[in-house]
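For reference, the structure discussed in these notes is given below.
Quick caveat: nothing in here was measured; it's all calculated off a predicted structure.
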Amino acid sequence: QVQLAESGGGSVQPGGSLRLSCASSGGTFGRSCLAWFRQAPGKEREGVAGFDPTGDFIVYYESAKGRFTISLDNAENALYLQMNSLKPEDTAMYYCAATSPRSCTAYKYGGLYPSSAYKSWGQGTQVTVSS
């Protein structure tokens, strides 16, 4: 099972940018469905964006559209989330996640799998947006 570790979080003012990184080790990153989720205090974990390593499908949930960009560096086995025009409501713990090796059919239709389908999770990186 692949191990994941996020980094790049921090505190920024509204309108600022952050680039989150997710380093992987131990396996099948390139054959798994990849995603970023986030969880704010008192709220349920929610999907942000997903990346199909075949390169065919990328998913952005409404909160991320037009502001966030998900990307994968195959050579580095790393997943990234570039976040621009950050808002206070983006404040949350951000997690990267990977399924077991499988096709990412749901991504074709613009959705992520339920969080329970992702078998590998990082420890999270905190993003705080405030003035």
- prompt: Taking V59 as the fixed residue, which of F51, W36, Y107 is the one that meets the side chain to side chain contact (heavy atoms under 4.5 Å, CB included) rule?
  reply: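 Passing option: Y107.
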- prompt: With sequence neighbours left out, what residues match Y118 under ring pair (Phe, Tyr, Trp, His ring centres under 6.0 Å)?
  reply: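 Listed in chain order: F37.
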Looking only at non-hydrogen atoms, find the nearest pair between [X] and [Y] and report the distance.
X    : Y    : result
P14  : S131 : CD-N, 3.7 Å
E6   : Y95  : OE2-CA, 3.2 Å
T91  : A40  : O-CB, 3.6 Å
P101 : S32  : N-OG, 3.9 Å
T125 : G9   : OG1-N, 3.0 Å
Q1   : S120 : CG-OG, 3.1 Å

query: Is there a donor-acceptor pair closer than 3.5 Å between any side-chain N or O of E46 and the backbone N or O of E44?
result: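 A pair under 3.5 Å: no.
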Close side-chain approach of [X] and [Y], heavy atoms under 4.5 Å:
X    : Y    : answer
V12  : T128 : no
T69  : L81  : no
R102 : Y113 : yes
C33  : D52  : no
Y80  : D73  : yes

Quick check for you: to the nearest 0.5 Å, what is the distance between [X] atom [atom1] and [Y] atom [atom2]?
X    : Y   : atom1 : atom2 : value
S21  : L79 : OG    : CG    : 9.0 Å
M83  : S17 : CE    : OG    : 8.5 Å
K43  : M93 : NZ    : CE    : 15.5 Å
Q123 : C96 : CD    : SG    : 8.0 Å
K119 : L4  : NZ    : CG    : 14.0 Å
Q82  : L20 : CD    : CG    : 8.5 Å

- request: Scan residues 82-98 for pairs that pass salt bridge (charged side-chain N to carboxylate O under 4.0 Å, His left out), counting only residues two or more places apart or in two chains.
  value: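 Residue pairs passing salt bridge (charged side-chain N to carboxylate O under 4.0 Å, His left out), neighbours aside: R38-D90, R67-D90.
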field: Residue pair S24 / N77, side-chain donor-acceptor N/O under 3.5 Å
entry: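 Note: S24 and N77 side chains miss the donor-acceptor criterion.
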- prompt: Is there a path from Y94 to I58 through hydrophobic residues (I, L, V, M, F, W, Y) whose side chains come within less than 4.5 Å of each other?
  reply: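 Linked, Y94 and I58 end up in one cluster.
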task: May I have the step-by-step check of side chain to side chain contact (heavy atoms under 4.5 Å, CB included) for F68 and V48, ending in yes or no?
output: CA-CA 9 Å; F68 294 1; V48 176; 3.6 Å; yes
